[in-house]
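Worksheet for the structure shown next.
Hydrogens, waters and symmetry mates play no part in the numbers below; they use all other heavy atoms, side chains included. What you see is a predicted model; the values in this text were computed from it and never measured.
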Amino acid sequence: MLKLPTSFKDKYNKLLGTEKAQDLFKAMNEDSKKAFRVNSLKAEQEISYNLTQPVPDISNAYYGEVAGEDPEWVSGYVYSQDPAAMFPAAISGVKPGDKVLDLCAAPGGKTTALGEQLKNEGLLVANEISATRSKALRENIERWGISNTLITNESLERLAPVFPEFFDVILVDAPCSGEGMFRKNPDAIDYWSLNYLLTCQQRQKDILAEAVKMLKPGGRLVYSTCTFSPEEDEQIVSWLVGQYHFSILKTGIKDERISLGHPEWADDNPELVNTLRFWPQDGIGEGQFAAVLQKSNTASVPKIKKKHRKKKGNRAATCLSQNEQELIAKVLDHYSLPVGLIDWRKKALVRKDHVFVPVISLPVRSDLHILNNGVELGILKKKRFEPSHQLAEVLGQIKQERVVDLSIEDYRKYLHGETVKVKSKLRGFILVSCQRLIFSFGKVANNEVLKNFYPKGLRK
């Protein structure tokens, strides 16, 4: 039984009325709903999960539980995500070719959904200010096989000057008081207080003030939280409308179980009913709030003063030499490549022996902390080329012939970093799959031993 603060219960008794508030408190003590999305970017393969209970209004999303060692998860065919948290990306209206920013991106649930909507066309910038959380973000993006993402680990004050009025869509899933996650993460209750709500509100305003600078006139801002608090939901949206002349757009979501925003909890703007509220008692998922706003075509923001810090020995990327191209071709020529990598010889760059096909060319002086730009093809090592784990996940989008399929037993050994014996005529680098779901590279020697190239940081 959750020990909810008295001031929390008093607040929602007043806002919702006693009967509805009791429904909320009861639901917060029930089991959380679990769900997953199926990756439409990947080659069509059968998966072992039950696909008979779809999440309403979300494409390729189903109720059910995913295990972290399942081949479907490791290969990037499914992503475990709270069903209510799927809606912000779903209502974004992102289409192939757009320039999109996920501003508070970790762990990557919304980022992978946005990337799927882009279909590897356009640009997706995924930023996370926390170095620890950005590691998980990169792993999830790579697993999903997205090839058009710039992953950054930056403060917003340093990111905004690089992308003035640049993006068509920006998603801000803002850090919040986490009321909607109490039943899933009871520890969040310890942080809660009425004063903490106001601290979160100010933090959200600070984040959004930087986000607005990077959004094109006429662009869309998707704002979401995992809290019920009007101070962080309707009042923030109302602040955006008043401060920056945004308009609130309809989301197109029609499921009757999903509640709408409350104008009376902010400034009585009738457009606030276009925002979405997810309560645990609605039966969709955890608590969530989401809104889509459009920036005025005539809106302008103050010019951003660019700040540069001294580089710390960063080396500029260079084009590939003929010899380097030949080493890489010895590996890549054996595989079917997605459209964006077919002309890798023209696009690829090398920095400190790491070979990558960038999705965007940034000014040298921008000096952002970049975790990944586009697709890392692999690394050059003494007269040979070693393909990357990200490349294996990207190649999983297309039917491949040079693949060794492991039994479940050998698959589990491989995830632990062991070598396994295979029966195959293939030699050298090959793709590794389980249940025909590609998840890694390996290397087969003449003795039919499959050398393990599954990244050490991912081994289980």
Side-chain angles (χ1 to χ4, degrees), residues 88-89 92 94 98-111 114-115 123-138 141 149-178 198-217 219-227 232-233 235-237 239-240 243-246 289-295 299-311 359-360 362-363 365-373:
S92 66
V94 165
D98 281 347
K99 297 174 182 175
V100 181
L101 169 63
D102 189 354
L103 195 53
C104 309
K110 296 173 178 66
T111 312
L114 294 170
L123 170 67
L124 175 59
V125 177
N127 183 70
E128 173 57 44
I129 193 170
S130 164
T132 303
R133 286 168 56 82
S134 63
K135 181 177 180 290
L137 172 66
R138 179 176 183 175
I141 290 173
T149 304
L150 175 73
I151 307 174
T152 56
N153 169 215
E154 272 298 352
S155 67
L156 306 188
E157 291 77 13
R158 283 182 41 77
L159 196 68
V162 180
F163 298 104
E165 296 190 335
F166 181 83
F167 294 101
D168 300 294
V169 179
I170 296 178
L171 191 154
V172 178
D173 185 44
C176 65
S177 59
L198 299 180
T199 299
C200 292
Q201 182 189 68
Q202 186 56 55
R203 182 187 302 130
Q204 289 148 6
K205 288 181 178 181
D206 293 342
I207 291 170
L208 290 166
E210 297 302 318
V212 170
K213 299 173 185 177
M214 293 183 275
L215 188 64
K216 287 180 178 178
R220 294 186 305 283
L221 173 67
V222 182
Y223 176 72
S224 64
T225 70
C226 58
T227 190
E232 303 170 76
D233 295 340
Q235 290 179 27
I236 285 289
V237 172
W239 172 79
L240 282 166
Q243 185 78 11
Y244 297 106
H245 310 293
F246 276 86
F289 174 86
V292 183
L293 302 99
Q294 187 168 39
K295 189 177 182 180
S300 60
V301 295
K303 288 188 176 181
I304 307 169
K305 185 178 180 181
K306 297 186 178 183
K307 297 180 180 179
H308 305 294
R309 61 184 174 192
K310 187 177 180 181
K311 283 185 170 288
V359 67
I360 184 174
L362 293 169
R365 293 189 66 196
S366 65
D367 195 24
L368 294 178
H369 186 198
I370 296 171
L371 303 185
N372 196 55
N373 184 357

Got a salt bridge between Lys110 and Asp173, using NZ or NE/NH1/NH2 to carboxylate O under 4.0 Å? yes
Report the relative orientation of the aromatic rings in Phe163 and Phe166; use parallel for angles under 30°, tilted for 30 to 60°, perpendicular for over 60°. tilted
Inter-residue atom distance Lys216.NZ - Lys295.NZ, 0.5 Å rounding: 11.0 Å
Which pair of non-hydrogen atoms, one from Ser92 and one from Arg220, has the smallest distance, and what is that distance? O-NE, 2.9 Å
Min side-chain heavy-atom separation Ile370-Leu150 under 4.5 Å: yes
Backbone N or O of Ala174 within a donor-acceptor pair of the Arg203 side chain at under 3.5 Å? no
To the nearest 0.5 Å, atom NZ of Lys213 lies from atom CG of Leu159 at 11.5 Å
Can you tell me how far the CG atom of Leu240 sits from the NZ atom of Lys205, to the nearest 0.5 Å? 9.5 Å
Spell out, as yes or no, whether a donor-acceptor pair under 3.5 Å connects the side chain of Arg138 to the backbone of Leu371. yes
Taking Glu232 as the fixed residue, which of Val237, Thr227, Leu198 is the one that meets the side-chain contact (heavy atoms from CB on, under 4.5 Å) rule? Thr227
Quick one: pull up CD1 in Ile236 and CD in Gln202 and give me the separation to the nearest 0.5 Å. 8.0 Å
Identified side-chain contact (heavy atoms from CB on, under 4.5 Å) partner of Asn373 from the options Thr149, Thr152, Ile360: Ile360
Side-chain contact, heavy-atom cut-off 4.5 Å: Leu114 with Val169? no
Indicate the atoms forming the closest heavy-atom contact of Cys104 with Ile207, along with that distance. SG-CG2, 4.3 Å
Where Ile151 and Leu137 come nearest, the two heavy atoms and their spacing: CG2-CD2, 4.0 Å
The reported gap from CZ in Arg158 to CG in Leu368 (rounded to nearest 0.5 angstrom) is 6.0 Å
Does Asn153 use its side chain to pair, donor to acceptor, with the backbone of Glu128 at less than 3.5 Å? yes
Does the pair Gln204 and Cys176 meet the rule for a side-chain contact (heavy atoms from CB on, under 4.5 Å), with working shown? CA-CA 8 Å; Gln204 289 148 6; Cys176 65; 3.6 Å; yes
Is the shortest side-chain heavy-atom distance between Pro107 and Arg133 below 4.5 Å? yes
Apply side-chain contact (heavy atoms from CB on, under 4.5 Å) to the pair Leu124 and Val94, showing each step before the final yes or no. CA-CA 10 Å; Leu124 175 59; Val94 165; over 6 Å; no
Do Leu208 and Phe246 pass the side-chain contact (heavy atoms from CB on, under 4.5 Å) test, and can you show the C-alpha distance, the side-chain angles, and the key distance before you say yes or no? CA-CA 12 Å; Leu208 290 166; Phe246 276 86; over 6 Å; no
Let me see the working for Met214 and Leu103 under side-chain contact (heavy atoms from CB on, under 4.5 Å), right down to the final yes or no. CA-CA 10 Å; Met214 293 183 275; Leu103 195 53; 4.0 Å; yes
So CG of Leu171 and CG of Asp102: to nearest 0.5 Å the spacing works out to 5.0 Å
Locate the shortest heavy-atom distance separating Asn127 from Leu156; write the atom from each residue and the value. ND2-CD2, 3.9 Å
